[in-house]
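Remember, it's 1-based here, ligands and their atoms both numbered in the order they're listed. All values below were derived from every heavy atom in this structure, side-chain atoms included, with hydrogens, water molecules and symmetry-related copies excluded. We number each residue from 1, following the sequence as shown. The model shown is predicted, which means the values in this text are computed figures rather than measured ones.
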Amino acid sequence: MSIPQSIPATLIPGDGIGSEITTAVVEILDALGKPFAWEIQQGGVAAIEESGDPLPLTLLDSIRRTRLALKGPLATPVGGGFRSVNVRLREEFKLYANLRPARTLISGGRYEDIDIVLVRENLEGLYVGFEHYIPIDGDPHAVAISSGVNTRAGSRRIAEFAFDYALKHARKKVTIVHKANVLKALTGMFLDTAYEVAKKYEGKVAADDRIVDACAMQLVLKPWQFDVILTTNLFGDILSDEIAGLVGGLGMAPGANIGVDAAIFEAVHGSAPDIAGKGIANPLALLLAAAMMLDHVERHDAAKNLRAAIDGTLRIDGVRTGDLGGTATTRDITQAILRRL
Ligand code: NAD
């Protein structure tokens, strides 16, 4: 049997806990036979310190070449400062689909048997950040205005992605989440377009819809009614954190940004500055993102082995980091997973 070749991929360690969790993930992937040949590139605050630019050209060139990246969290200043590097990467590589699966891996939490996939439109909506102030009476920031932008083409593209995903992964239903009762143009068009796409899948994938506030409540009351959720950029941002909370928090939530020109895999969580450098960060969200990346490059066996090792480590060995109620360090959980591989 031939040994599969390592696939060139860009690795961005990121800020805060980024280097701690990427080190763990690389070590574990190495034990799976080095599926990726890494090009290591700095981005975010780490890159500013190195080159003065949070999104250096060398990083962009690397992703242009590899079209595949694993990204640690990148810090973004609140209010002023530079624009989110995460958002710029999504725009640069037209990463229009944000895929965030959440599955219960640890029993005994608040909810058992959660298995929800959130598909978030990643380039449009209120997230475009078209904002300005109107000065009045000497106050330069007297009025703040933000415009959301949804396009028919963008809505259709993400809806097709969600229904295709549902079909391919034997999912039964897509729930379209919107606020069409108030944002009638912006999210009404998204809803109408998604239902148009749903017609093509009739008999194969069911479709229904929820207003975002009701969806947020129902996720807490009865999350099992949801299968695939399809929603706009800002609602997806908020609901994906809520859904991560159902399965044990941000330390368990992976994400993929998939587009025309590239695919970038990451954890849903940020750089966790409060625990950075302490060696206690949970690497599982980034590791689960690496499993999604293995599936993306059709290395399904390696992805399956990796998920099984994570399952065993949590459920049977009971090795858990602090965010999951345990006392294990990043190193402990890395070693435990390596033992299972
Ligand atoms: P955060 O996700 O970094 O942290 C929220 C809380 O969760 C903190 O208490 C943190 O300690 C904990 N936490 C997060 N990840 C963890 C892990 N792997 N293991 C254990 N605990 C973990 O959110 P924040 O504090 O709002 O943001 C910090 C920075 O990260 C900001 O600059 C923000 O812009 C950035 N951010 C980046 C991304 C990304 O790169 N995709 C996503 C979200 C936030």
Residue list, salt bridge (charged side-chain N to carboxylate O under 4.0 Å, His left out) with Lys94, at least two apart or on another chain: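 Per chain and number, Lys94 pairs via salt bridge (charged side-chain N to carboxylate O under 4.0 Å, His left out) with Asp261.
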
Short N or O distance, [X] and ligand 1, threshold 3.5 Å exclusive:
X      : value
Val268 : no
Ile17  : no
Ala281 : no

Ion pair check, Asp227 and Lys172, cut-off under 4.0 Å: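 Result for this pair is no, no salt bridge flagged.
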
Using a strict 4.0 Å cut-off to heavy atoms of [X], name the atoms of ligand 1 that fall inside it.
X      : value
Glu266 : 41 (N)
Leu250 : 2 (O)
Pro73  : 40 (O)
Pro273 : 28 (C)

Select the closest option to [atom] among [options], judged by heavy-atom distance.
atom                    : options               : value
atom 19 (N) of ligand 1 : Asn282, Val85, Asp237 : Asn282
atom 8 (C) of ligand 1  : Asn86, Asp274, Leu324 : Asp274
atom 35 (C) of ligand 1 : Ile280, Val45, Leu74  : Leu74

Checking salt bridge (Lys or Arg N to Asp or Glu O under 4.0 Å) for the pair Asp317/Arg340: CA distance, chi angles, key distance, verdict? CA-CA 10 Å; Asp317 308 339; Arg340 285 210 156 256; 2.8 Å; yes

Donor-acceptor contact below 3.5 Å, side chain [X] vs main chain [Y]:
X      : Y      : answer
Asn257 : Leu95  : no
Ser19  : Pro13  : no
Asn233 : Tyr127 : no

Run the numbers on Leu55 and Asp53 for side chain to side chain contact (heavy atoms under 4.5 Å, CB included), then give the verdict. CA-CA 5 Å; Leu55 188 57; Asp53 184 353; 4.3 Å; yes

Contact check, Ala285 vs ligand 1, heavy-atom distance below 4.0 Å: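 Checking ligand 1 against Ala285, which is what was asked, there is no heavy-atom contact under 4.0 Å.
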
At a non-hydrogen distance cut-off of under 4.0 Å, which region of Pro283 contacts ligand 1 (side chain, backbone, both, or neither)?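 For Pro283, there is no contact with ligand 1 at all, from either part.
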
Separation between CD1 of Ile114 and CG of Leu105, rounded to the nearest 0.5 Å: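 With rounding to 0.5 Å, CD1 (Ile114) is 12.0 Å from CG (Leu105).
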
